[in-house]
Trainee: 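If you scroll down you'll find the structure; I have some questions about it.
Residue numbers count from 1 along this sequence.
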Amino acid sequence: MKISKRTENIIFEIVTVIFFILVMFPFLIVLFNSAKDNLTITTAPAALPTDWSALFVNIKAIWTNNVIRYPSSLLSSLIITIGSLTTISIFSSMAAWKLVRTKTKTSTFLFLMFLSGLIIPFQVVMFPLVKFMNTIEGFIGIPILYTHGGMIFAYIGFGAPLAVFMFHGFIKSIPVALEEAATIDGCTTIQVYTNVVMPILKPIFVTVIILNVIWIWNDFLLPLLVLGIGNDVQTLPLAIAFFAGAFRIQWNLMMTAVLMAAVPIVILFLFGQRHIIKGMVAGSIK
């Protein structure tokens, strides 16, 4: 029996709506429970809130809580995220550009070394990483653990392999003649990169930034290892963990804190999803 085109469209629309509900359900549960008190959440977690003003009460309670220090944690997350994204995107694009334009066995070997970073699981190196950072700190005398710089340093190491891989595939599509023409016009190597290569890399830059910001902003395990819990420098996921105590969980404050931390990333992803798709496709087919 042949299905008409209209029937196919209706089926696809129904399936799309079902998947949308499944994906949005956890976010809606967080949103609903952010506008409740702790007792109501435990008795009716899936019910709609009766008083949405409770959401603002919970936000105020989180913002003024001296234990989790939400404003300080938000600032630390911003510093670590922006610093990591800047260094990962710029340095990885430079490295990928040099590897593409240098046709030697050394460049091929270095590119394979970057790819190996995508294969090794984080759990294998997380404890040796902390020990290595502690050794380096004792050798150079500069604090690395429990600092913003140490977190940025760690994220560069884990974020660069994927970024180099993506930039490498995209840069191969850029004609060398453009760079040669700029060199003939008197541009230095840095000027060729900043004036010719970087503007062309805009789609893949946006893709790398958005993919990494989602990972870095929401990461819990690496900050737990490098920063620990209860120190002066802590990220939002570490601050949210304070609400889960050994004997009592403050579900209302935890849900509200999760919502406050997730909203910026959701907005960023909605505005940048077009660039993500464009960068992925361009880097894979050219």
Side-chain angles (χ1 to χ4, degrees), residues 20 22-34 55 58-59 62-63 65 68-89 92 117-118 121-123 125-126 129-130 146-163 166 205-231 233-244 249-273 275-277 279-280:
F20 176 78
L22 292 176
V23 171
M24 291 300 297
F25 184 75
F27 184 79
L28 292 176
I29 290 296
V30 171
L31 177 61
F32 294 161
N33 291 326
S34 298
L55 173 62
N58 292 335
I59 292 175
I62 292 172
W63 195 263
N65 192 306
I68 69 167
R69 307 186 311 274
Y70 192 90
S72 175
S73 301
L74 176 62
L75 180 60
S76 294
S77 286
L78 288 173
I79 293 174
I80 293 171
T81 302
I82 295 174
S84 301
L85 293 176
T86 303
T87 50
I88 288 174
S89 57
S92 296
L118 299 173
F122 167 72
Q123 291 78 6
V125 299
M126 59 182 186
L129 171 67
V130 176
Y146 316 115
T147 63
H148 298 107
M151 281 304 310
I152 294 174
F153 174 75
Y155 279 127
I156 292 174
F158 288 107
L162 178 61
M166 296 179 67
F205 260 112
V206 176
T207 303
V208 169
I209 288 174
I210 292 181
L211 291 179
N212 281 284
V213 74
I214 296 173
W215 159 52
I216 295 172
W217 186 267
N218 296 320
D219 189 26
F220 178 80
L221 183 55
L222 187 56
L224 178 63
L225 294 172
V226 178
L227 300 178
I229 293 181
N231 295 302
V233 178
Q234 64 178 3
T235 60
L236 287 179
L238 295 180
I240 295 173
F242 271 105
F243 293 118
I249 299 178
Q250 297 173 284
W251 289 109
N252 57 332
L253 299 183
M254 179 181 290
M255 292 294 179
T256 306
V258 169
L259 181 67
M260 293 168 62
V263 166
I265 300 302
V266 172
I267 295 175
L268 178 65
F269 184 80
L270 291 177
F271 279 101
Q273 59 180 339
H275 295 284
I276 293 180
I277 297 172
M280 287 288 197

Trainee: As an exercise, state the distance from CE of Met254 to CG of Asn58, rounded to the nearest 0.5 Å.
Mentor: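 Result: 13.0 Å between the selected atoms.
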Trainee: Rounded to the nearest 0.5 Å, what's the gap from CD1 on Ile79 to OG on Ser84? Could you check?
Mentor: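 The CD1 atom of Ile79 sits 11.0 Å away from the OG atom of Ser84.
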Trainee: Asp219 side chain to Trp215 main-chain N or O, any donor-acceptor pair under 3.5 Å?
Mentor: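 Flag not set: sc Asp219 to bb Trp215 has no pair under 3.5 Å.
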Trainee: Checking side-chain contact (heavy atoms from CB on, under 4.5 Å) for the pair Asn33/Trp251: CA distance, chi angles, key distance, verdict?
Mentor: CA-CA 8 Å; Asn33 291 326; Trp251 289 109; over 6 Å; no
Trainee: Under the side-chain contact (heavy atoms from CB on, under 4.5 Å) criterion, do Gln234 and Ser76 qualify, and how do the steps go?
Mentor: CA-CA 6 Å; Gln234 64 178 3; Ser76 294; 6.0 Å; no
Trainee: Let me see the working for Ile80 and Leu227 under side-chain contact (heavy atoms from CB on, under 4.5 Å), right down to the final yes or no.
Mentor: CA-CA 12 Å; Ile80 293 171; Leu227 300 178; 4.3 Å; yes
Trainee: With a sphere of 6.0 Å drawn around CZ of Phe25, does it hold more than 12 non-hydrogen atoms of other residues, nucleotides or ligands?
Mentor: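 Atom CZ in Phe25 is not crowded, with 12 or fewer foreign heavy atoms closer than 6.0 Å.
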Trainee: Do you know which two heavy atoms are closest between Ala261 and Ile240, and how far apart they sit?
Mentor: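 Heavy atoms of Ala261 and Ile240 come nearest at CB-CD1, 4.2 Å.
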Trainee: Roughly how far, to the nearest 0.5 Å, is the CD1 atom of Ile216 from the CG atom of Leu211?
Mentor: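 Reported to 0.5 Å precision, the distance equals 11.0 Å.
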Trainee: As an exercise, state the distance from CE of Met126 to CZ of Phe122, rounded to the nearest 0.5 Å.
Mentor: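 It comes to 6.5 Å.
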Trainee: Could you tell me whether a side-chain N or O of Asn212 sits under 3.5 Å from a main-chain N or O of Leu85, the two making a donor and an acceptor?
Mentor: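 Answer holds: no.
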Trainee: Between Val226 and Tyr146, does the side-chain contact (heavy atoms from CB on, under 4.5 Å) criterion hold? Intermediate values first, please.
Mentor: CA-CA 6 Å; Val226 178; Tyr146 316 115; over 6 Å; no
Trainee: Would the distance check show the side chain of Thr81 and the main-chain N or O of Leu78 forming a donor-acceptor pair, the cut-off being under 3.5 Å?
Mentor: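 Such a contact is absent between Thr81 side chain and Leu78 backbone.
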Trainee: With a 4.5 Å limit on heavy-atom distance, are the side chains of Val233 and Thr147 in contact?
Mentor: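 The answer is no, as the side chains (C-beta and beyond) never meet within the 4.5 Å cut-off.
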Trainee: Considering only heavy atoms from C-beta outward, does the side chain of Phe158 approach that of Val125 to under 4.5 Å?
Mentor: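 The answer is yes; the side chains approach within 4.5 Å.
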Trainee: Can a donor-acceptor pair be found, under 3.5 Å and without considering hydrogens, that links the side chain of Trp217 to the backbone of Leu236?
Mentor: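 No; judged by distance alone, with no hydrogens or angles, the pair does not exist.
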Trainee: What's the spacing between Phe242 CZ and Leu253 CG if we round to 0.5 Å?
Mentor: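 Phe242 atom CZ to Leu253 atom CG measures 14.0 Å (nearest 0.5 Å).
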Trainee: Can you measure from OG (Ser73) to CG (Asn65) and round to the nearest 0.5 angstrom?
Mentor: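 If we round to the nearest 0.5 Å, Ser73:OG and Asn65:CG are 10.0 Å apart.
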Trainee: Can you see which heavy atom on Thr256 is nearest to which on Leu55, and at what distance?
Mentor: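 So the two residues come closest at CG2-CD1, 4.2 Å.
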Trainee: Does the side chain of Leu129 reach to within under 4.5 Å of the side chain of Leu222, using non-hydrogen atoms?
Mentor: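 Side-chain contact under 4.5 Å: yes.
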Trainee: Could you check whether any side-chain N or O of Thr235 sits under 3.5 Å from a backbone N or O of Ser77, counting only pairs where one atom can act as donor and the other as acceptor?
Mentor: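 Side chain of Thr235 to backbone of Ser77: no pair is present.
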